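Note that the numbering runs from 1 along the sequence shown for the chain. Worth knowing before you read on, the calculation uses all heavy atoms, side chains too, and leaves out hydrogens, waters and symmetry mates. The structure displayed is predicted, hence computed values, not measured ones.
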Amino acid sequence: MNVDLEWCVKNAPTGVREAIERVRAERPGVTVRKYACVEQCGLCARGPFALVGGAVVAAERPECLAQRLLAAVDEATGGTGHSRLPST
């Protein structure tokens with residue numbers, strides 16, 4: 001199972017698309033989903049952000065967002081680029 005990275009197309013003018021493309025290139029196992037709205041309008045108005053596994057990841061600049069997204073993906077996947085299975 002892959003980790004989901006979700007983003008809002010209304011946030012594209014902030015540079016989020018560039019950050020997403022970097023994550024997609026560096027972590028090919030990530031499932032990227034683009035939505036018309038992810039119901040985070042306050043964040044959307046302030047700067048680039050995306051959701052990793054449902055958790056908000058935001059930054060002031062796209063370069064910082066890319067770094068934070070990569071770190072969030074690594075944390076969610078144990079650094080493998082693929083989601084960890086829950087322990088039983």
Side-chain angles (χ1 to χ4, degrees):
M1 177 186 275
N2 293 333
V3 99
D4 288 333
L5 192 155
E6 301 168 315
W7 67 287
C8 176
V9 295
K10 293 176 184 175
N11 195 245
T14 68
V16 67
R17 184 184 312 263
E18 292 81 4
I20 298 294
E21 290 304 318
R22 178 171 170 199
V23 173
R24 190 178 286 188
E26 293 187 27
R27 303 295 187 278
V30 172
T31 300
V32 176
R33 299 181 198 285
K34 175 174 62 173
Y35 294 100
C37 183
V38 294
E39 300 179 12
Q40 296 288 334
C41 299
L43 284 171
C44 197
R46 286 187 291 231
F49 81 97
L51 305 171
V52 176
V56 172
V57 178
E60 292 182 14
R61 297 185 327 272
E63 311 83 51
C64 295
L65 179 62
Q67 289 293 334
R68 289 181 181 174
L69 290 171
L70 289 166
V73 166
D74 288 346
E75 183 178 322
T77 63
T80 65
H82 300 286
S83 293
R84 292 179 285 182
L85 295 174
S87 56
T88 57

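In plain terms, the two heavy atoms of L5 and V30 that are nearest each other are CB-CG1, 3.7 Å. Shortest non-hydrogen contact noted between I20 and A50 is CD1-CB, 4.1 Å. Considering all non-hydrogen atoms of both residues, C37 and C8 come closest at CA-SG, 3.7 Å.
With rounding to the nearest 0.5 Å, the separation of CZ in F49 from CD in E6 is 10.0 Å.
Residues that satisfy the salt bridge (charged side-chain N to carboxylate O under 4.0 Å, His left out) test with E26, not counting sequence neighbours, are R22. Not counting sequence neighbours, the partners of A12 by the side chain to side chain contact (heavy atoms under 4.5 Å, CB included) test are W7, R17. With sequence neighbours left out, the salt bridge (charged side-chain N to carboxylate O under 4.0 Å, His left out) criterion links R46 to no other residue.
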Please list every donor-acceptor pair under 3.5 Å in which a side-chain atom of residues 54-67 meets a protein atom from a residue at least two apart or in another chain.
| residue | atom | partner | partner atom | Å |
| --- | --- | --- | --- | --- |
| R61 | NE | E63 | OE1 | 3.0 |

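Under a 3.5 Å cut-off, the side chain of N11 and the backbone N or O of G47 do form a donor-acceptor pair.
Cluster membership for V16 and V32, using ILVMFWY side-chain heavy atoms within less than 4.5 angstrom, is shared. Following chains of ILVMFWY side-chain contacts shorter than 4.5 Å, one can reach V3 starting from L70, so the two form part of one hydrophobic cluster. When the side chains of ILVMFWY residues are joined at heavy-atom separations under 4.5 Å, either directly or via intervening members, L43 and V9 end up in two distinct hydrophobic clusters.
Within the 4.5 Å cutoff, the side chain of D74 has heavy atoms near those of the R27 side chain.
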